Number of protein chains: 2
Amino acid sequence: MKKVTLKTIAEIAEVGVSTVSMSLNDHPNINPETKKRIKQIAKELNYVPNIIARAMVRKQTSLIGVVIPQIEGSFYPSILEGLEDIFTEKLFSTVLCVTNHSQEKEHFYMSLLCDKHVDGIIIEPSREFIGEIENFTPYLEKIPTIFTLQQYKPDSFTNVIVNNEKGGFLAGEHLAEACEERILFVGGPKGWYTNQRLKGFQVALEKKGRSLSQEDCHFTTRYTYEAGRKVAAEILSQKQDFDGIFAASDIMAMGIMHELREKNIRVPEDVSLVGFDDLPFVSMLEVPLTTVAQPQFELGNVMGQKLIEQIEEYHSTPELIVLEPTLIVRQSTRKRI
Amino acid sequence: MKKVTLKTIAEIAEVGVSTVSMSLNDHPNINPETKKRIKQIAKELNYVPNIIARAMVRKQTSLIGVVIPQIEGSFYPSILEGLEDIFTEKLFSTVLCVTNHSQEKEHFYMSLLCDKHVDGIIIEPSREFIGEIENFTPYLEKIPTIFTLQQYKPDSFTNVIVNNEKGGFLAGEHLAEACEERILFVGGPKGWYTNQRLKGFQVALEKKGRSLSQEDCHFTTRYTYEAGRKVAAEILSQKQDFDGIFAASDIMAMGIMHELREKNIRVPEDVSLVGFDDLPFVSMLEVPLTTVAQPQFELGNVMGQKLIEQIEEYHSTPELIVLEPTLIVRQSTRKRI
DNA sequence: TTGAAAGCGGTACCAC
DNA sequence: GTGGTACCGCTTTCAA
C-alpha cells in the first residue's frame, strides 16, 4: 500500500503523466473517453492529489490565516463559523492564530503566516498591536489581507467592520424612550469601539432632547464581568437619579446586572439596561438582555467572501464595508405603555 | 523586489545552493565562516524559506487538523486555546474544521485533511459520525491521530477523554447531601456522555442509600437550552416530590433553571441544581451554577502534547488518557446546615 | 568542506 | 489529443 501518484496512474493507464494530470483536472482538450478511463483508474487506486506539490507549482496554498486576540467569549466563534461556511465551499482552510492579546504572539504569528505562504490573511488588530503591525505592512501589501472590527488603513486594505456608532445610536434611542431619569453610559477602555459607541449614543440622546454629561460616562479598563460589577458598585455609591444604563458590551452588562440585583435594584423595573454584542447566551439569562446585536456570522461570511474575491482576482481595490448592527429588545428594558 | 530563494543567495555568495541550504539549517559539517557569511546575506535579503517546497521534500507540513462539531457554546474555545498554547510553541499550526454536526461536512473535512497531508489530526467524533469515520480508519492509521472527549477505538488510537462517570459521581454525591426528597437526572441523547454520567450518578446515589428509578431519569434529544426548558416543564407537570436535579450539561441546566423560576420554584431553596461542563459564564448567572467542571484548557493542552509526541517519535503506542473533572460548588445547590 | 545533480509530485508549454 | 519535459524551491545524497 504505497502512495499513488500521477506516475502510478500513468503507468497503469499506459499514458503520459500530463495526460493524467489534465484528465483529472478536466482539461477541455482531452478525449472524454480517456478522461473517463483515467478517472476510473484514479478512483480505484484511491488516488489523492498531493496538495503540497500542487501548491508549489501553483504558488498557492489554499490556506487562510485568521488572527484574532481570543476565541473565548462567544463572540469569535460565530465569526469563525461564518468564515468556515464560505471557506469550505471554496476549499480554503483556516489556519487559526490566537494571539491572546499578547504582542509577542502577534508578532510571532504574523511572521509565521508570512513564512507559511498563506493565500490570504484576516486580522482583527488589537489596539496595542497597531504599532506592531506596521512592521508587517510591506509583507501584507503583497498578500490579500482584510482587517476587521477595528478599522485599519482603509485606503490600503479592505476593512469589514460594524457600524459601532449606529449601534450606540440604537441603544440611545431605545433607552431615551424607556427612561425618565438620567441615562448612563458604561464603556470599556477608551478606544475605537467605546468611542464610536459613545458617539452614536450621545447623538441619539440629544436628538431626543436628552443630555449626557461627563459624569454620566464611565469607563472600565477591560470588557469583563468583573469590570461591570465594579463600575456598577461605584455608580451606585454615587448617584441614584438614573434609570437607564447602556453598557458597551454584554459581558459588562451582565456584571452590572448582577451588582444591581445585589443592591435590590430591579431590572428593568428600576433600571433599564442595554448591552452590546448579542452573545449567544444573553437571551437565556434570568432577565434576557436587550442588546445591540453585531452581525457575527455575517461578519465572518462577508469577510471570507471578500478575501476570496481578492485572492482570485489577483488584485483589487480596498473596500470599506460597514455592516449594520440591530437592536434586539428583550426584557432588560422597561416598556413604556 | 522579487522573491529571494536559495539560488539568489547562492549566486550572491558565489557558492552552491546546497551550501546555502546546509548553512541555513545549521548542518554540522560546514565551515562556520561560510555559515556566518551566508546567514548574514540571507538576513540582509530578508530571505524567508518557502515552507511549501520544504514540506514537499520533507513530507511534512507542520499543520494539524482539528475536527470538532462546533465552536460556539463556549466549551470548545478553551480547548482550542489549550491546543494553540502548545502548538505555537512547537511551531505547528491548526487547521480548523468545524463540522457543524453535519455528516456531509465531516466526510468532506476528513478527506480534505487526508489530502492536505496534515501531520496530525485531532478529532472529536460526534455520535453520528462514528459510522462514517470507519471509512477513514485506513488513512488515519497512517497518520498520528488523537480522538477526544468521545472514546473511539482506544486500542488503535490515543484517546484523551474526561472521566464522565466520575463527573456523574461527584454530582450525585453532592446532591445526595443537599437533598431530602427525590433527585432527578436529566440527560441529553442517550450515548457516551449521557450514559457515563448517569452511571456515575447512580452509583453515588446508591452509595448514599438513595435510589434512582427509571422514572427519575429524563432524556432530551439535544443538549440545548430549549431542551432543558421543555424537559423541566414536563417534569413539573408530572411530579413535585423532588428537590434535586442533575443536568448533564450547563446549557440544559440553564433552561431548567429558567423554567423552574417561571413556575416560581426557587433555586436552590426549593430545588438544588447541578450542571456539567463549567462554561465560562455560568459563574456569572443570577444564581451561579454548581457544576462539574471539565478541564477544558488542560484537555487541549494534553492532547496537543500527545499528538506532537506521536508525530516526532514517528511511531508510538496508543494511550488512553483520562482527565478528571472536578465539582465546583456555587449557589444553585442548597447548603445543608 | 563544498557543490552538482537527483528527486519530491504536480502543472503547463510545446512539439508531435 | 497526447506525451515529453522543464520547471517550482528545497533537501540530500555522493563525488570531488
Side-chain angles (χ1 to χ4, degrees), chain A residues 1-42 45-63 91 114-119 142-143, chain B residues 1-39 41-42 45-63 91 112 114-119 142-143:
Chain A
M1 170 119 164
K2 32 186 347 198
K3 67 189 94 45
V4 306
T5 70
L6 286 187
K7 204 166 139 204
T8 327
I9 300 180
E11 277 162 10
I12 293 180
E14 297 184 306
V15 293
V17 268
S18 48
T19 312
V20 179
S21 171
M22 288 167 118
S23 301
L24 262 23
N25 289 320
D26 261 329
H27 195 96
N29 52 0
I30 269 261
N31 189 322
E33 290 293 300
T34 349
K35 220 184 259 189
K36 184 167 287 183
R37 192 165 62 90
I38 288 177
K39 281 189 177 174
Q40 177 58 21
I41 298 182
L45 261 49
N46 231 310
Y47 168 73
V48 166
N50 183 332
I51 305 249
I52 307 298
R54 177 179 295 168
M56 190 162 80
V57 33
R58 286 227 255 251
K59 274 153 187 4
Q60 53 145 308
T61 54
S62 299
L63 255 28
L91 293 179
C114 293
D115 287 14
K116 276 248 159 94
H117 296 238
V118 293
D119 291 348
K142 326 201 71 184
I143 164 177
Chain B
M1 171 116 167
K2 35 191 336 203
K3 68 190 95 45
V4 296
T5 70
L6 286 187
K7 204 166 140 203
T8 327
I9 301 179
E11 278 162 9
I12 293 179
E14 297 184 305
V15 293
V17 269
S18 49
T19 312
V20 179
S21 170
M22 287 166 120
S23 299
L24 263 22
N25 288 320
D26 262 330
H27 195 95
N29 51 359
I30 269 256
N31 189 322
E33 291 293 302
T34 353
K35 220 183 258 186
K36 183 167 286 180
R37 193 165 61 89
I38 289 177
K39 281 188 177 174
I41 299 181
L45 262 50
N46 230 310
Y47 169 74
V48 168
N50 183 332
I51 306 249
I52 307 299
R54 177 179 293 169
M56 189 162 78
V57 31
R58 285 227 255 252
K59 276 156 187 0
Q60 52 144 310
T61 54
S62 298
L63 255 28
L91 294 179
L112 187 77
C114 293
D115 288 15
K116 277 249 159 92
H117 297 237
V118 293
D119 290 349
K142 326 201 74 183
I143 165 176

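Just so you know, these numbers use all the heavy atoms, side chains as well, and skip hydrogens, waters and symmetry mates. All chains are named by letter (A, B, ...) in the order of the sequence lines, taking the proteins before the strands, and each is independently numbered beginning at 1. Note that the structure is a prediction, hence the values are computed from the model and not measured.
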Quick one: [X] [atom1] to [N] [atom2], roughly how many Å, whole number?
X       : N      : atom1 : atom2 : answer
B:Glu14 : C:dG3  : CD    : C1'   : 14 Å
A:Ile12 : D:dG3  : CD1   : P     : 15 Å
B:Arg37 : C:dT2  : CZ    : P     : 9 Å
B:Ile9  : D:dG9  : CD1   : C1'   : 12 Å
A:Glu33 : D:dT2  : CD    : C1'   : 15 Å
B:Ile38 : D:dC10 : CD1   : P     : 14 Å
A:Ile30 : C:dA12 : CD1   : C1'   : 12 Å
B:Lys7  : D:dC8  : NZ    : P     : 6 Å

(request) Can you sort out which residues in residues 19-28 of chain A have a heavy atom within less than 4.0 Å of DNA chain D? Ascending by number, please. (result) A:Thr19

(message) At a heavy-atom distance below 4.0 Å, what parts of residues 54-62 of chain B sit against DNA chain D?
(response) B:Arg54, B:Met56, B:Val57

(message) Nearest to the B:Ser18 side chain among C:dT2, C:dG10, C:dG3, which nucleotide is it?
(response) C:dG3

(request) Would you indicate which nucleotide in D:dG4, C:dT1, C:dG10 comes nearest to any side-chain atom of A:Leu6? (result) C:dG10

(request) State whether B:Tyr47 places a side-chain N or O below 4.0 Å from either non-bridging phosphate oxygen (OP1 or OP2) of D:dC10. (result) yes

(request) For D:dT2, take OP1 and OP2 only and decide whether either is under 4.0 Å from a side-chain N or O of A:Thr34. (result) yes

(message) Is there, by distance only and without an angle test, a donor paired with an acceptor across the side chain of B:Thr5 and the base of D:dG9 below 3.5 Å?
(response) no

Do you know the tightest heavy-atom contact between [X] and [Y]?
X       : Y       : answer
A:Ala13 : A:Ile38 : CB-CG1, 4.3 Å
B:Val15 : B:Arg37 : CG1-NH2, 3.8 Å
A:Ser62 : A:Leu91 : CB-O, 3.7 Å

(message) Can you pull out every salt bridge (charged side-chain N to carboxylate O under 4.0 Å, His left out) where at least one residue sits in residues 8-31 of chain B? Sequence neighbours excluded, please.
(response) B:Asp26-B:Lys35, B:Asp26-B:Lys39

(message) As a test of understanding, state which of B:Ile41, B:Leu6, B:Val20 forms a side chain to side chain contact (heavy atoms under 4.5 Å, CB included) with B:Tyr47.
(response) B:Leu6

Between [atom1] on residue [X] and [atom2] on residue [Y], distance to nearest 0.5 Å:
X       : Y       : atom1 : atom2 : value
B:Ile52 : A:Lys59 : CD1   : NZ    : 10.0 Å
A:Gln40 : A:Ile9  : CD    : CD1   : 11.5 Å
A:Gln60 : A:Ile51 : CD    : CD1   : 10.0 Å

(request) Sequence neighbours left out, what passes side-chain hydrogen bond (donor to acceptor under 3.5 Å, both in side chains) with A:Thr61? Give chain and number order. (result) A:Asp119

(request) Only counting residues at least two apart or in another chain, list the ones meeting side-chain contact (heavy atoms from CB on, under 4.5 Å) with B:Thr8. (result) B:Val4, B:Thr5, B:Leu45

(message) Contact between B:Leu63 and A:Leu63 at the side-chain level, heavy atoms closer than 4.5 Å - yes or no?
(response) yes

(request) Looking at every strand, decide which applies to B:Asn29 at a 4.0 Å heavy-atom threshold: base, sugar-phosphate, or nothing. (result) base

(message) Test your reading of the model: is there a side-chain donor-acceptor pair from A:Asn25 to the backbone of A:His27, 3.5 Å cut-off?
(response) no

(request) Note down the inter-axis angle between the two ends of the helix from C:dT1-D:dA16 to C:dC16-D:dG1, five pairs each, to the nearest 10°. (result) 50°

